[in-house]
2 protein chains.
Amino acid sequence: MTQGRPMRADARRNYERLLKVAAEAFAEHGENASLDDIAKRAGVGSGTLYRHFPTRQALLEAAYVDRIEALGARADELAEELAPGEALAEWLYELAVGTIQVRGMKALLGSAVTDGGAAALTVCGAVVKGAVARLVVAAQEAGALRGDVEPIEVLRLAHGVASAAELAGAGEKEIRRYLSLLGEGLRGAGG
Amino acid sequence: MTQGRPMRADARRNYERLLKVAAEAFAEHGENASLDDIAKRAGVGSGTLYRHFPTRQALLEAAYVDRIEALGARADELAEELAPGEALAEWLYELAVGTIQVRGMKALLGSAVTDGGAAALTVCGAVVKGAVARLVVAAQEAGALRGDVEPIEVLRLAHGVASAAELAGAGEKEIRRYLSLLGEGLRGAGG
DNA sequence: GCACCAAACGGAGACAGTCCCCGCTTACTG
DNA sequence: CAGTAAGCGGGGACTGTCTCCGTTTGGTGC
């Protein structure tokens, strides 16, 4: 379902270069890095960029697919190493770190957890949703997570909390703190 | 400290018009509404717009100041009517509703709760921070809120959660639900 | 090797947005 | 009613997006 004919050699070369340059550019300038500039830096015309990646979102996704898939794999790793509740917490932490520190991933993950729409069908969306679903269900079965929340809700809240941590200065300390506040809740005594 | 000489009549007229048109435009097209278009719709040149409001942020702030101040007043109202915990919860709810439903206010409030920087000095930032501080302290004294959180943290988390609710579709139901999840925490049993 | 052709390229150019600059207009003052 | 500085406005430089189409090139059959 993917290839009719394999890509022409020059096309593949340009595709790879664009991906590499794009990852750098997004990391450096955030999700709004100039696309024409990316094309220029990759030594191709802007037409070539837009042919391979019709939208900014498409490029963003392609540039970070492997990172997202690593995150998906990491979920299984953590599920084996830690107790269900811990595994979920740690994974959400690593997700949040990526969201904030890898500039450009925020927009990508944000659109991946949106309600309906085309974005829901992307690879990144599927991988992340799958990973969180596994961890959430396990945590709920272990009684470490309230049973009346959907995986996607956990994902959205974590994304929101990551944004909050970002506003706070985005150190790893802030991320941990804000996630733990979400876990324990603001209500009640505590300090 | 505000006026050396009062504004010239035509300047004031243009200022008012711009504010009115800007509020409409931001509501209609979100925070990225075209500034030149706002100028055009207000019947002034773009130079005039930029002289009165040097940055998009400045215009955004000016356009929504009264709404923000209403929110500040609402905090005191709620503090009188309800128990401290309830008052805080309800205020955060109304804040979140504004954040999401009034397009353009999200960016404004977001920058208002950022760490340091110039944005911290704005009127909107001061009003909102003041309001939440009063409610948070009262709630903590009443034992309805854990004592080890700063007002600004509550504000940031609420903003993050509002973003999460927005991703979910932004109905009032979602906002209430996500805020209550934040209040009670995700840990433990529950459904 | 070579000729063919679809696939792929690339960059000019149309369009939209931001923001500054500076010659012109106009509200206030005496 | 004249003088003047505050204020106006829109032209234009610049940056970014995205498309269109003439040109080039890699792969294939001979």
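Chain identifiers are assigned alphabetically (A, B, ...) following the order of the sequence lines, protein sequences preceding nucleic acid strands; residue numbering begins at 1 within each chain. Everything numeric here is computed off the predicted structure, so don't read it as measured data.
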Phosphate contact (dG16(D) OP1 or OP2) by Asn32(A) side-chain N/O below 4.0 Å: no
Atom-to-atom span, CG of Leu59(A) to P of dG16(D) - whole angstrom: 16 Å
Cation-pi geometry met for Arg156(B) and Tyr178(A) (6.0 Å, 45°): no
Side-chain (Trp91(A)) to main-chain (Leu71(A)) donor-acceptor, under 3.5 angstrom: yes
Separation of dT18(C) P from Phe53(B) CZ (nearest whole Å): 15 Å
Reading 5' to 3' through nucleotides 22-29 of chain D, protein heavy-atom contacts under 4.0 Å coded B for base, S for sugar-phosphate only, - for none: ---BSS--
Between dC28(C) (P) and Arg12(B) (CZ): distance, integer Å: 12 Å
Identified side-chain contact (heavy atoms from CB on, under 4.5 Å) partner of Leu186(A) from the options Val149(B), Leu179(B), Leu92(B): Val149(B)
Phosphate contact (dC8(D) OP1 or OP2) by Asn14(B) side-chain N/O below 4.0 Å: yes
For Asp10(B), side chain to side chain contact (heavy atoms under 4.5 Å, CB included) partners two or more places apart: Arg8(B), Arg13(B)
SB check Arg176(A) Glu172(A) (cutoff 4.0 Å): no
Acceptor/donor pairs from residues 34-57 of chain A side chains to any protein atom, 3.5 angstrom cut, sequence neighbours excluded:
unit_1: Ser34(A); atom_1: OG; unit_2: Asp37(A); atom_2: N; d: 3.1
unit_1: Asp37(A); atom_1: OD2; unit_2: Arg41(A); atom_2: NE; d: 3.4
unit_1: Thr55(A); atom_1: OG1; unit_2: Gln57(A); atom_2: N; d: 3.4
unit_1: Thr55(A); atom_1: OG1; unit_2: Ala58(A); atom_2: N; d: 3.0
unit_1: Arg56(A); atom_1: NH1; unit_2: Glu31(A); atom_2: O; d: 2.7
unit_1: Arg56(A); atom_1: NH1; unit_2: Ala33(A); atom_2: O; d: 2.9
unit_1: Arg56(A); atom_1: NH2; unit_2: Ala33(A); atom_2: O; d: 3.4
unit_1: Gln57(A); atom_1: NE2; unit_2: Ser111(A); atom_2: OG; d: 2.9

Pairing string, 5' to 3', for DNA chain D - Watson-Crick or wobble contacts under 3.5 Å, brackets [ ] where pairs cross, | to another strand: ||||||||||||||||||||||||||||||
Residues that Glu141(B) engages under side chain to side chain contact (heavy atoms under 4.5 Å, CB included), provided they are two or more places apart: Val137(B)
Glu80(A) atom CD, over 12 foreign heavy atoms within 6.0 Å: no
Short side-chain N/O contact to dG7(D) OP1/OP2 from His52(B), under 4.0 Å: no
Atom-to-atom span, CD1 of Ile38(A) to P of dT15(D) - whole angstrom: 17 Å
Closest contact, heavy atoms only, Ala87(B) versus Leu82(B): N-CB, 3.9 Å
Touch class at under 4.0 angstrom, heavy-atom based, for Asp37(A) against every strand present: nothing
Carboxylate-amine/guanidinium proximity below 4.0 Å for Lys20(A) and Glu16(A): no
Interatomic distance where NZ belongs to Lys40(A) and P belongs to dC9(C) [whole Å]: 17 Å
d(CG, Leu49(B); C1', dG17(C)) in whole Å: 13 Å
Can you check nucleotides 10-12 of chain D for protein contacts, nitrogen or oxygen pairs under 3.5 Å, and list what you find?
unit_1: dG10(D); atom_1: O6; unit_2: Gly47(B); atom_2: N; d: 3.3
unit_1: dG11(D); atom_1: O6; unit_2: Ser46(B); atom_2: OG; d: 3.4

Atom pair distance, as rounded to whole Å: OH in Tyr15(B) and P in dC8(D): 13 Å
Charged N-O contact under 4.0 Å between Arg74(B) and Glu77(B): yes
Separation of atom OH in Tyr50(B) from atom P in dG7(D), rounded to whole Å: 20 Å
Pi-cation contact, Phe26(B) with Arg103(B) (under 6.0 Å, within 45°): no
Ser34(B) vs dT18(C): side-chain N/O to OP1/OP2 distance below 4.0 Å: yes
